[in-house]
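Here's the structure, in structure tokens; my notes come after.
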Amino acid sequence: MPPFAAPTRSRARSRRCAVEDTIITQRRAKAEALRALGHHPYANDFVVTDRASDVHAAHEGTDAPALEANPVRVGYAGRVMAIRTFGKVVFVVVADASGRLQANLFADALPEADWALLDYLDVGDIIGVTGTLMRTRKGELSVKADHLRIVTKSLRPLPEKWHGLQDVATRYRQRYVDLIVNERVRDTFRVRARVVQYIRRFLDDRDYLEVETPMLQAVYGGAAAKPFSTHHNALDLPLFLRIAPELDLKRLVVGGFHRVYEINRCFRNEGISTKHNPEFTTLEFYQAFATYEDLMTLTEELLNGLAIAIHGTDQVTYGEHTLSFARPFRRLSVYEGLTTYAGVPADKVSDRPALLEAAARLGVTKADTRPLGHLQMEVFEAAAEHLLVQPTFVTDFPLEVSPLSRKKDTDPTLVDRFEIYAAGREIGNAFSELNDSDDQRSRFESQVAQRAAGDEEAHPMDDDYVRALEYGMPPTAGEGIGIDRLVMLLTDSPSIRDVILFPLLRPEG
RNA sequence: GGGCCAUUAGCUCAAUUGGCAGAGCAACGGACUCUUAAUCCGCAGGUUGAAGGUUCGAUUCCUUCAUGGCCCA
């Protein structure tokens, strides 16, 4: 950085924060005033006995006379989301982790010392309240406070109450603020947790074993992608962050764990978009003595059950679409897709000039140098991918783009593989696994050759994986599902960043 | 990597052809014992993302940069 830049930037920062600083200064002064009154502004001794949502659930139907006749004591704590002052009555909207419950502060019902705290109370503070349940004249179930504590003094002002926080950069950088003020964001991540929980239960119930395999790998593989590189100092060893757990999971199948799965992070050193974050979460599962067709059935069951578990129906709204997860899902072979969507005649799907013509028509560039299978997939993706809105199994992929998949018995140029698409995006990828070790070795060799020819995403050789197959892997089918993309569908989120708590951004200046 | 768009008060947003930079919420001072985005009175808050340029005059036009968004690769 040029030496003259530093003072310019620091001056800009202090200027920008000048007003905010006055608010922080005011609030810090309030915290000091609380200390002077003998109140710890960061006390940790308030006893919480109730949660807002439980209180609402338990007393939803209790009317005002009943609450007066049989007083219900409540002690709860949460963040102040709104303060409405009417002289000797103050209404405070308090949000805890479960929901909101209004505290009604009456001057004649609170100790004088507690009432005095109102002078130092701001929206954003975390308070503890005890009192009895009541209903306001408008009927709101709320707490008539007989004790108020400021448990945590907040120094920074929250975003505006009605519009919340809109600026996406701030929402992602300061997710904690986003979560405080945007209810929908909290819901999204609650759904995400339920999705993962559902999947675990689904697989556990089917006797799959959950495992954890290395994220740091000396040899990466299992997908066509560029890895992150790192280095282990003690071993002086170059390492990669895994791009997929696939090869380790299949080693476990060789070892006798015939049903395994892993839900965890993968890393790909590639571009960022609404569909791509450099680190993302996948489910991968492998089942011995199964075929990719078995996995289509299993996938239908999983996604259908998941939609119903989350939304209560297999019809899921995503943007302008309604996705139907009713079984069975549509099936479409790559060749059918080339004909239907790319206008390639059915007898020309392996004809290079016909594919190049379609590629040119679709605006696919640099297609002419790629092996046939890559060309077919580039044309397919350009023509069809964005149109596959309803859940669709795309089947029968070319061999060249599937170096770990089993060849079709009926056509050795194709493999027993499918990808599941929904909302115009790939959600998952599955195949009958290649367990012929000699075939696998030669597939790796051709990958290495493609790599040498400039394909940075081609697989490197993995001798140990071939050695594992030489011991014999039972016939197996395996699948990977992008958890982030799946959660996007189930939470109606347009960007992957909406379903990742802390998506990657450039550091702040 | 390329194209387009955006960046104005803590937050959400205005600002006519290049002519005094505004509002709501939040804050601050005050009134108010039933509000639900409470209401009312008052007050304060800005080097308009950064650096240059054109101009008597720039939030506005031009260049570069930064950050973000969308589309394409």
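A note on names: the letters A, B, ... follow the listed sequences, proteins ahead of strands, and every chain is numbered from 1.
As rounded to whole Å, 17 Å separates atom P of U67(B) from atom OH of Tyr172(A). Rounding to whole angstrom units, CG of residue Asp122(A) and C1' of C28(B) are separated by 11 Å. For the pair Lys275(A) NZ and C72(B) C1', the computed distance is 12 Å after rounding to whole Å. If you take CG of Asp167(A) and P of G10(B), they are 13 Å apart, rounded to a whole angstrom. Rounded to whole Å, the distance from CE on Met81(A) to C1' on C25(B) is 14 Å. For the pair Asn277(A) CG and G68(B) C1', the computed distance is 15 Å after rounding to whole Å. Rounded to whole Å, atom C1' of A26(B) lies 16 Å from atom CG of Leu155(A). When rounded to the nearest whole Å, the span between CD of Gln166(A) and C1' of A6(B) equals 15 Å.
Shown here are the side chain to side chain contact (heavy atoms under 4.5 Å, CB included) partners of Ile496(A), two or more places apart in sequence or in another chain: Asn277(A), Asp484(A), Met488(A), Val499(A), Ile500(A). Residues that satisfy the salt bridge (charged side-chain N to carboxylate O under 4.0 Å, His left out) test with Asp187(A), not counting sequence neighbours, are Arg190(A). With sequence neighbours excluded, the residues forming a salt bridge (charged side-chain N to carboxylate O under 4.0 Å, His left out) with Asp178(A) are Arg171(A), Arg175(A), listed by chain and number. In terms of the salt bridge (charged side-chain N to carboxylate O under 4.0 Å, His left out) criterion, residue partners of Arg443(A) (sequence neighbours excluded) are, by chain and number, Asp439(A). Val177(A) pairs by the side chain to side chain contact (heavy atoms under 4.5 Å, CB included) definition with Pro159(A), Leu165(A), Gln174(A), not counting sequence neighbours.
Side-chain contact annotation: Ser324(A) with Gln390(A), donor-acceptor N/O pair under 3.5 Å absent. When only modelled atom types and interatomic distance are considered, Asn104(A) and Ser142(A) share a side-chain donor-acceptor pair under 3.5 Å.
Across all strands shown, Lys144(A) has no heavy atoms under 4.0 Å from either base or sugar-phosphate atoms. Looking at heavy-atom distances under 4.0 Å, Arg100(A) makes no contact with the nucleic acid at all. When heavy atoms are screened at a 4.0 angstrom cut-off, Gly271(A) is found touching no nucleic acid atom at all.
Residues Phe91(A) and Phe86(A) place their aromatic rings such that the two centres sit under 6.0 Å apart.
Remark: RNA chain B takes part in the stems B:1-7 with B:66-72, B:10-13 with B:22-25, B:28-31 with B:39-42, B:49-53 with B:61-65, each of 3 or more antiparallel Watson-Crick or G-U pairs, criterion distances under 3.5 Å.
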Which atom pairs, one a donor and one an acceptor, fall under 3.5 Å between side chains of residues 265-273 of chain A and the rest of the protein, sequence neighbours left out?
residue	atom	partner	partner atom	Å
Arg265(A)	NE	Thr281(A)	OG1	3.4
Arg265(A)	NH1	Glu279(A)	OE1	2.6
Arg268(A)	NE	Ile243(A)	O	3.1
Arg268(A)	NH2	Ile243(A)	O	3.0
Glu270(A)	OE2	Lys226(A)	N	3.0
Ser273(A)	OG	Lys275(A)	N	2.9
Ser273(A)	OG	His276(A)	N	3.2
Ser273(A)	OG	His276(A)	ND1	2.8

Result block: side-chain N/O donor-acceptor pairs under 3.5 angstrom for residues 121-128 of chain A, not counting sequence neighbours:
residue	atom	partner	partner atom	Å
Asp122(A)	OD1	Lys30(A)	NZ	2.7
Asp122(A)	OD2	Lys30(A)	NZ	2.9
Asp122(A)	OD2	Lys153(A)	NZ	2.7
Asp125(A)	OD1	Lys153(A)	NZ	3.3
Asp125(A)	OD1	Ser154(A)	N	2.9
Asp125(A)	OD2	Asp122(A)	N	2.8
Asp125(A)	OD2	Lys153(A)	NZ	2.6

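Listed by first then second residue, pairs satisfying salt bridge (Lys or Arg N to Asp or Glu O under 4.0 Å) with a partner in residues 66-77 of chain A read Arg73(A)-Asp146(A), not counting sequence neighbours. Among residues at least two apart or in separate chains, there is no ring-ring contact (aromatic ring centres under 6.0 Å, His included) pair with a member in residues 160-187 of chain A.
Nucleotides C20(B) and G42(B), compared at atom C1', are 24 Å apart to the nearest Å. As rounded to the nearest Å, C4(B) and A14(B) have C1' atoms that lie 24 Å from one another. Comparing A38(B) with C28(B), their P atoms are spaced 16 Å from each other, to the whole Å. Straight-line distance between the P atoms of A50(B) and C34(B): roughly 47 Å, to the nearest whole Å. Separation of the C1' atoms belonging to C72(B) and C11(B) is 34 Å when rounded to the nearest angstrom. Comparing U36(B) with U48(B), their C1' atoms are spaced 36 Å from each other, to the whole Å. Atom name P, nucleotides G49(B) and A44(B): the rounded distance is 25 Å, in whole Å. Going from the C1' atom of A73(B) to that of C13(B) covers 35 Å, rounded to whole Å.
Against RNA chain B, the stretch residues 56-65 of chain A makes no heavy-atom approach under 4.0 Å.
Nearest-nucleotide positions on RNA chain B for Gly363(A) and Ser495(A) put Ser495(A) closer to the 5' end.
Distance check: Ile481(A) CD1 to Leu303(A) CG gives 5.5 Å after rounding to the nearest 0.5 Å.
Between Arg27(A) and A27(B), a side-chain N or O to OP1/OP2 separation shorter than 4.0 Å is absent.
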Open item on the list: Base contacts versus sugar-phosphate-only contacts with protein, heavy atoms under 4.0 Å: please encode nucleotides 32-39 of chain B as B, S and - from 5' to 3'.
Closed with: BBBBBBB-

